[in-house]
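Whatever order the structure lists them in is the order used to number ligands and atoms, beginning at 1.
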Amino acid sequence: MNTLAAYAANPETTLGRRFKEASSPLRNAFQRDRDRIIHSTAFRRLEYKTQVFVNHEGDLFRTRLTHSLEVAQIARGIARTLNLHEDLTEAIALAHDLGHTPFGHAGQDALNDCMRDYGGFEHNLQSLRVVDKLEQRYAEFDGLNLSFELREGILKHCSLKNAKQLGDVGQRFIDKTNPSLEAQLTNFADEIAYNNHDIDDGLRSGLITIEQLQQVELFNSQLEIVRAKHPKLEQRRLINETVRRMINILVVDLCQTSAQNIAQLNPKNIQDIRQSPYLIAFSAAVTQQNLALKQFLRKNLYHHYKVNRMSAKAMRIIRELFEVFFNDTTLMPPEHQTNAKQDKARAVADYIAGMTDRFAIREHRRLFTVEAEL
Ligand code: MG
């Protein structure tokens with residue numbers, strides 16, 4: 001690791017954990033956070049949760065787990081370039097999607113709809129709930145008891161109403177301040193990862209084509225460079241060469257623009273970062289190109305009729321599961337029944353949100369098909 005910048009998050013001066021623990025002789029606080037995340041149940045479940053394609057649709061598509069690993073890889077590289085804390089950055093990246101429901105955004109929208117009268121459901125808030133409460137592995141506390149900087153990084157956005165109930169990590173939404181640069185850059189790494197791997201998965205699935213993607217400047221400019229250099233390249237390598245160049249352009253631009261922003265502000269410590277506007281950013285030109293790519297994917301991939309069909313099925317499964325458990329909590333496993341005594345809707349939402357795609361499908365079958373196993 002390079003010398004840590006004075007304004008980087010620093011485990012020596014962390015704002016600490018919710019429950020006091022002795023420090024480790026071997027690992028810094030953020031390394032421990034990362035290790036706890038990797039050992040969590042919610043992290044293992046990411047393997048079987050949808051990113052865009054439902055888990056059973058193919059073995060080569062990204063899942064939430066491989067997505068999170070790609071985010072961590074990109075984020076660490078950016079952190080190292082900017083002399084920020086790599087361990088914290090990696091930990092935030094690995095934890096950022098822990099609260100996702102099965103079936104990706106369709107699942108989250110359906111669950112949010114079911115929870116409309118009970119405080120709603122938001123995956124970002126749920127990720128925090130997983131690490132603060134739902135993981136039950138330690139003798140002395142619920143959750144993973146992560147450092148403040150990690151919890152702050154997980155909570156990307158939050159309504160004012162929810163912020164007021166969250167205490168320390170909610171405060172910045174009330175004060176309108178910003179999180180660490182490590183948290184800021186991980187948001188961008190998330191976006192760089194999914195825009196690019198969704199191109200790859202979209203092409204692999206056949207739902208979008210190279211010809212269509214040529215409308216997107218960021219893609220087309222790199223495709224032409226690769227074609228000029230390697231005119232006879234077979235398709236898979238052509239796609240990979242193009243996508244890797246796109247990632248590189250985005251990462252390099254982000255590092256350069258952010259470094260300029262930081263130099264201009266000349267922050268002395270992390271408090272200066274929290275009080276400043278967002279410093280991690282793309283240049284104006286790349287922001288435009290990135291936006292065009294996102295719009296293309298939304299229109300042509302995320303709303304492709306075949307994706308819509310799977311989303312509609314997924315939403316039906318989530319709605320029906322919610323309804324059946326809400327109307328009779330004794331159909332849930334005992335620990336969830338106990339939680340339901342305090343807050344029925346939230347306990348049902350926690351149970352459903354924790355399911356993998358295939359567990360939700362099986363659970364639905366067990367509850368609605370007479371011939372199914374129990
Ligand atoms: Mg993500």
Checklist entry - Does the ring centre of F19 sit less than 6.0 Å away from the ring centre of Y138? => result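 That pair fails the under 6.0 Å test.
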Item to check | Check: H67 ring centre within less than 6.0 Å of H96 ring centre | outcome: yes
Item to check | Heteroatoms of the protein, restricted to N/O/S, which lie under 2.8 Å from the Mg ion (ligand 1) | outcome: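 The answer, once waters are left aside, is H67 NE2, H96 NE2, D97 OD2, D190 OD1.
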Is it the case that [X] places NZ or CZ above or below the six-membered ring of [Y], under 6.0 angstrom from the centre and within 45 degrees of the axis?
| X | Y | result |
| --- | --- | --- |
| R366 | F359 | yes |
| K268 | Y7 | no |
| R245 | F219 | no |

Item to check | Residues Y194 and D201: side-chain donor-acceptor under 3.5 angstrom | outcome: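 No - no donor-acceptor pair under 3.5 Å links their side chains.
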